[in-house]
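Here is the structure we will look at.
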Amino acid sequence: TLTISKANLGKLQLNFKPTRVKELVSSILEPIQVMAKEKNISIIYTSAGYEADCILTDQLNIQKIFLNLLNNAVKYTPPDGHIWISVQAAKRASDMLNVEVCIKDDGIGMSKEFLAHLYEPFVQEKRKGYDALGTGLGLSIVKQLVDLFKGTIRVESEWNHGTSFTVGLSFKEIKTLPEASCPDKIV
């Protein structure tokens, strides 16, 4: 709620710091893998393209984006389902990296009518067996953060056949830093 309030007041700001990519990815995937294991959901992760070691980003808000999307994928995928995470990266300029992350599931999906309201706060599509599984703020926060990062987000969904979110973001790559500038672990 605080994130939404700050964004609505124009007071939400990003705090860019050097961040190791592998640790950032791990900080997102580890808790989701634990949740998925409890429902026997398979997570299939692939990455391709340019691999940066360290980027300049707001790690907390990047985590909010992807943990919200992945949490929903686990929440709305029945037991024994699947979640595919694909990360594609390409250099745009000498120090810029374009990253596209696709999170796809074979869960319950959403109706075409609901997609028009997807990013509205406190809005949830009512589905038998999935009522009141949250506040309805997650996707609103995701959209506001992606916009703050000047990124893009697309969604495709089909009722009873799953959902796919594709997020496009750009990061400044940091190549040579003193060891202390790019932390070994994300706190």
Side-chain angles (χ1 to χ4, degrees), residues 1-8 12 24-49 57-89 98-169:
T1 307
L2 181 61
T3 302
I4 295 222
S5 297
K6 281 184 173 182
N8 288 339
L12 185 60
L24 178 59
V25 170
S26 180
S27 73
I28 294 167
L29 289 180
E30 285 177 10
I32 292 302
Q33 288 170 329
V34 170
M35 289 175 57
K37 187 175 181 180
E38 290 173 3
K39 288 180 72 176
N40 200 35
I41 295 172
S42 299
I43 294 184
I44 300 99
Y45 174 82
T46 59
S47 65
T57 192
D58 182 323
Q59 67 189 29
L60 179 61
N61 284 312
I62 288 293
Q63 288 170 328
K64 285 180 188 177
I65 290 169
F66 293 108
L67 285 172
N68 269 305
L69 292 173
L70 287 163
N71 183 45
N72 281 351
V74 171
K75 197 183 316 184
Y76 297 108
T77 298
D80 301 317
H82 303 84
I83 297 170
W84 296 268
I85 305 165
S86 168
V87 179
Q88 303 287 324
N98 282 351
V99 178
E100 186 174 88
V101 179
C102 181
I103 297 169
K104 181 179 178 178
D105 64 62
D106 57 4
I108 65 171
M110 295 176 272
S111 68
K112 291 183 193 288
E113 296 78 24
F114 180 74
L115 290 176
H117 304 282
L118 185 65
Y119 300 117
E120 294 174 13
F122 305 108
V123 174
Q124 291 181 307
E125 186 168 38
K126 302 297 181 204
R127 296 289 291 269
K128 185 176 179 179
Y130 292 91
D131 295 338
L133 284 180
T135 60
L137 286 174
L139 291 176
S140 180
I141 291 169
V142 165
K143 176 70 168 124
Q144 290 186 10
L145 288 173
V146 168
D147 289 348
L148 196 58
F149 274 101
K150 295 182 174 61
T152 60
I153 185 166
R154 297 184 319 268
V155 63
E156 295 176 18
S157 190
E158 187 177 342
W159 187 266
N160 292 329
H161 292 290
T163 301
S164 173
F165 282 95
T166 303
V167 177
L169 299 167

**Request:** Report the C-alpha distance between His161 and Trp159 in whole Å, list the side-chain angles of each, state the deciding distance to 0.1 Å, and finish with yes or no for ring pair (Phe, Tyr, Trp, His ring centres under 6.0 Å).
**Result:** CA-CA 6 Å; His161 292 290; Trp159 187 266; over 10 Å; no
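- Within the 4.5 Å cutoff, no side-chain heavy atoms of Val146 are placed close to those of Leu148.
- At a threshold of 4.5 Å between non-hydrogen side-chain atoms, the residues Cys102 and Glu100 do not count as touching.
- Of all non-hydrogen atoms in Phe114 and Gln124, the two that sit nearest each other are CE1-C, 3.6 Å.
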**Request:** Before giving the answer on side-chain contact (heavy atoms from CB on, under 4.5 Å), spell out for Val101 and Thr166 the whole-Å C-alpha distance, their side-chain angles and the decisive distance to 0.1 Å.
**Result:** CA-CA 6 Å; Val101 179; Thr166 303; over 6 Å; no
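- In this structure, CZ in Arg154 is found 6.0 Å from OG1 in Thr152, a value given to the nearest 0.5 Å.
- Atom CD1 of Ile103 sits about 10.0 Å away from atom CG of Asn72, to the nearest 0.5 Å.
- One finds the CG atom of Leu118 at 9.5 Å from the OG atom of Ser140 (value rounded to the nearest 0.5 Å).
- With a 4.5 Å cut-off on side-chain heavy atoms, Phe149 and Ile65 count as touching.
- Side-chain contact between Lys64 and Gln59 is absent, with no heavy atoms from C-beta onward closer than 4.5 Å.
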**Asked** Passes side chain to side chain donor-acceptor pair (under 3.5 Å), Thr163 versus Glu156? Steps please.
**Response** CA-CA 6 Å; Thr163 301; Glu156 295 176 18; over 6 Å; no
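- For the atom pair Glu158 CD and Met110 CE, the distance stands at 12.0 Å (nearest 0.5 Å).
- Side chain of Lys39 to main chain of Thr77: a donor-acceptor pair is present (N/O by atom type, distance under 3.5 Å, no hydrogens or angles).
- Ser157 contributes a side-chain N or O that, together with a main-chain N or O of Gly162, makes up a donor-acceptor pair within less than 3.5 Å.
- Ile43 CD1 to His82 NE2: the interatomic distance, rounded to the nearest 0.5 Å, is 11.5 Å.
- In this structure, the side chains of Val142 and Leu69 come closer than 4.5 Å at one or more pairs of heavy atoms.
- Judged purely by atom type and a 3.5 angstrom limit, Asp106 has no side-chain atom pairing as donor or acceptor with the backbone of Gly81.
- Residues Asn68 and Gly138 come closest through the heavy atom pair OD1-CA, 3.5 Å.
- One finds the CD atom of Gln33 at 10.5 Å from the CD1 atom of Ile83 (value rounded to the nearest 0.5 Å).
- Partners of His117 according to the ring pair (Phe, Tyr, Trp, His ring centres under 6.0 Å) rule, which considers only residues two or more places apart in sequence or in another chain, do not exist here.
- Using a 4.5 Å cut-off on side-chain heavy atoms (C-beta onward), Ile85 and Leu70 make contact.
- Of all the heavy atoms in Gly151 and Leu169, the pair that sits closest is CA-CD2, 3.9 Å.
- Taking the side chain as every heavy atom from C-beta outward, Asp105 and Trp84 never approach each other to under 4.5 Å.
- The shortest side-chain heavy-atom distance between Ile32 and Met35 falls under the 4.5 Å cut-off.
- Ser164 places no side-chain N or O within donor-acceptor distance of the main-chain N or O of Lys104, the cut-off being under 3.5 Å.
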**Request:** In sequence, state the C-alpha distance, the side-chain angles, and the governing distance for Gln63 and Ser27, and then conclude on side chain to side chain donor-acceptor pair (under 3.5 Å).
**Result:** CA-CA 8 Å; Gln63 288 170 328; Ser27 73; 2.6 Å; yes
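- When all heavy atoms are compared, the tightest approach of Leu137 to Pro121 is CD2-CB, 3.8 Å.
- Proximity of a side-chain donor or acceptor of Asn71 to a complementary backbone N or O of Leu67 within less than 3.5 Å is not detected.
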